[in-house]
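Read the structure below first, then the notes.
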Amino acid sequence: QVQLIESGGGLVQAGGSLRLACTASGRTFSRYPMGWFRQAPGKEREFVAGTRRAGPNEYYGDVADSVKGRFTIYRDDAKNSVYLQMNSLKPDDTAVYSCAARISGWDTKLDPKDYDYWGQGTQVTVSS
């Protein structure tokens with residue numbers, strides 16, 4: 001059974017930082033795109049960041065414009081994990097953050113429907 005387990009969410013003041021982690025079990029996602037999405041109350045799930053393979057042992061990171069310069073995505077294939085470093089957090093970043101993986105292609109997709117596996121999500125709350 002494939003599982004993606006997120007951790008690292010919590011409550012933080014505006015301007016603070018959090019690091020989210022997502023560890024996969026049941027299969028390896030080495031070489032496959034993995035990413036982070038978020039969903040705030042009353043809003044649709046939106047793309048935050050993704051990684052795609054750029055070469056042997058090299059990945060390229062894509063981030064949404066809304067978090068560019070503040071969030072960084074990176075992964076450790078030896079641990080079958082992907083991480084989201086979030087700095088300079090704002091109240092608008094409050095949402096449930098979920099990691100996702102796709103095995104149906106090699107590029108980063110912005111549409112959640114293109115991802116094949118999902119974690120259960122972790123709550124991030126940023127207070128003003």
Side-chain angles (χ1 to χ4, degrees):
Q1 181 183 1
V2 177
Q3 286 189 305
L4 301 179
I5 306 295
E6 300 101 335
S7 61
L11 173 64
V12 64
Q13 287 188 331
S17 299
L18 282 175
R19 189 187 79 151
L20 305 183
C22 171
T23 299
S25 62
R27 69 157 293 152
T28 178
F29 289 102
S30 175
R31 300 178 291 119
Y32 289 105
M34 298 185 74
W36 288 93
F37 288 76
R38 68 185 181 186
Q39 187 167 22
K43 295 187 177 181
E44 292 186 352
R45 182 176 283 178
E46 65 173 356
F47 171 83
V48 177
T51 69
R52 52 185 166 89
R53 195 172 188 218
N57 301 315
E58 184 179 0
Y59 288 91
Y60 185 80
D62 302 285
V63 294
D65 288 343
S66 59
V67 304
K68 195 165 290 183
R70 301 188 296 121
F71 291 12
T72 303
I73 185 170
Y74 60 100
R75 62 194 290 170
D76 184 341
D77 282 345
K79 297 181 179 179
N80 215 17
S81 297
V82 63
Y83 305 89
L84 185 68
Q85 178 65 45
M86 305 186 294
N87 299 329
S88 302
L89 282 161
K90 305 174 181 180
D92 284 348
D93 295 320
T94 295
V96 174
Y97 285 70
S98 301
C99 73
R102 64 186 302 253
I103 59 171
S104 49
W106 301 106
D107 51 340
T108 296
K109 293 291 189 181
L110 306 186
D111 191 336
K113 297 183 180 67
D114 290 313
Y115 287 78
D116 304 295
Y117 298 96
W118 288 88
Q120 81 288 354
T122 185
Q123 177 69 46
V124 171
T125 302
V126 184
S127 62
S128 56

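Only this structure's heavy atoms are used, side chains among them; waters, hydrogens and symmetry mates stay out.
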Going from [atom1] on [X] to [atom2] on [Y], what distance comes out if it is rounded to the nearest 0.5 angstrom?
| X | Y | atom1 | atom2 | value |
| --- | --- | --- | --- | --- |
| Thr51 | Arg75 | OG1 | CZ | 3.5 Å |
| Ile103 | Asp116 | CD1 | CG | 5.0 Å |
| Leu20 | Ser7 | CG | OG | 8.0 Å |
| Cys22 | Leu4 | SG | CG | 4.5 Å |
| Ser98 | Arg38 | OG | CZ | 12.0 Å |
| Asn87 | Thr72 | CG | OG1 | 6.5 Å |

*Is the shortest heavy-atom distance from the side chain of Arg70 to the side chain of Met86 under 4.5 Å?*
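Side-chain contact under 4.5 Å: no.
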_Non-hydrogen side-chain atoms of Cys99 and Phe37 separated by less than 4.5 Å_ =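 No; the side chains remain at least 4.5 Å from each other.
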Please report the closest heavy-atom contact between [X] and [Y], naming both atoms and the distance.
| X | Y | answer |
| --- | --- | --- |
| Arg31 | Tyr59 | N-OH, 2.8 Å |
| Ala95 | Gln39 | CB-O, 3.4 Å |
| Ser30 | Thr28 | N-OG1, 3.1 Å |
| Asp114 | Ser104 | O-OG, 3.7 Å |
| Arg27 | Asn80 | O-ND2, 2.8 Å |
| Ser88 | Ser17 | N-OG, 4.3 Å |

Are [Y] and [X] linked, directly or through intermediate hydrophobic residues, by side-chain heavy-atom contacts shorter than 4.5 Å (ILVMFWY only)?
| X | Y | result |
| --- | --- | --- |
| Val67 | Val12 | yes |
| Tyr115 | Met34 | no |
| Trp106 | Tyr60 | no |
| Phe47 | Leu84 | no |

Would you mind checking if [Y] and [X] are paired as a salt bridge, meaning a charged N to carboxylate O distance below 4.0 Å?
| X | Y | value |
| --- | --- | --- |
| Arg53 | Glu58 | no |
| Lys90 | Asp93 | no |
| Lys109 | Asp107 | yes |

*With a 6.0 Å cut-off on ring centres, are Phe71 and Trp36 close enough?*
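Not close enough - the centres of the two rings lie 6.0 Å or further apart.
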*asked:* Quick check: Phe29 with Tyr117 (ring centres under 6.0 Å apart)?
replied: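 So the answer is yes for these two rings.
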*Apply side chain to side chain contact (heavy atoms under 4.5 Å, CB included) to the pair Trp118 and Glu6, showing each step before the final yes or no.*
CA-CA 10 Å; Trp118 288 88; Glu6 300 101 335; over 6 Å; no
*Decide yes or no on salt bridge (Lys or Arg N to Asp or Glu O under 4.0 Å) for Lys79 and Asp77, but give the supporting numbers first.*
CA-CA 5 Å; Lys79 297 181 179 179; Asp77 282 345; over 6 Å; no
*asked:* If you apply the rule side chain to side chain donor-acceptor pair (under 3.5 Å), what do you find for Thr125 with Thr94, and how did you get there?
replied: CA-CA 5 Å; Thr125 302; Thr94 295; 5.2 Å; no
*Parallel, tilted or perpendicular: which describes the rings of Tyr83 and Tyr74, with under 30° parallel and over 60° perpendicular?*
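Judged by the thresholds at 30° and 60°, the geometry between Tyr83 and Tyr74 is parallel.
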_The test is side chain to side chain contact (heavy atoms under 4.5 Å, CB included); show your working for Val48 and Val63 and say whether it passes._
CA-CA 6 Å; Val48 177; Val63 294; over 6 Å; no
*Has Arg102 got its NZ or CZ under 6.0 Å from the middle of the six-membered ring of Tyr32, at an angle within 45 degrees of the ring axis?*
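Ring-cation test returns no.
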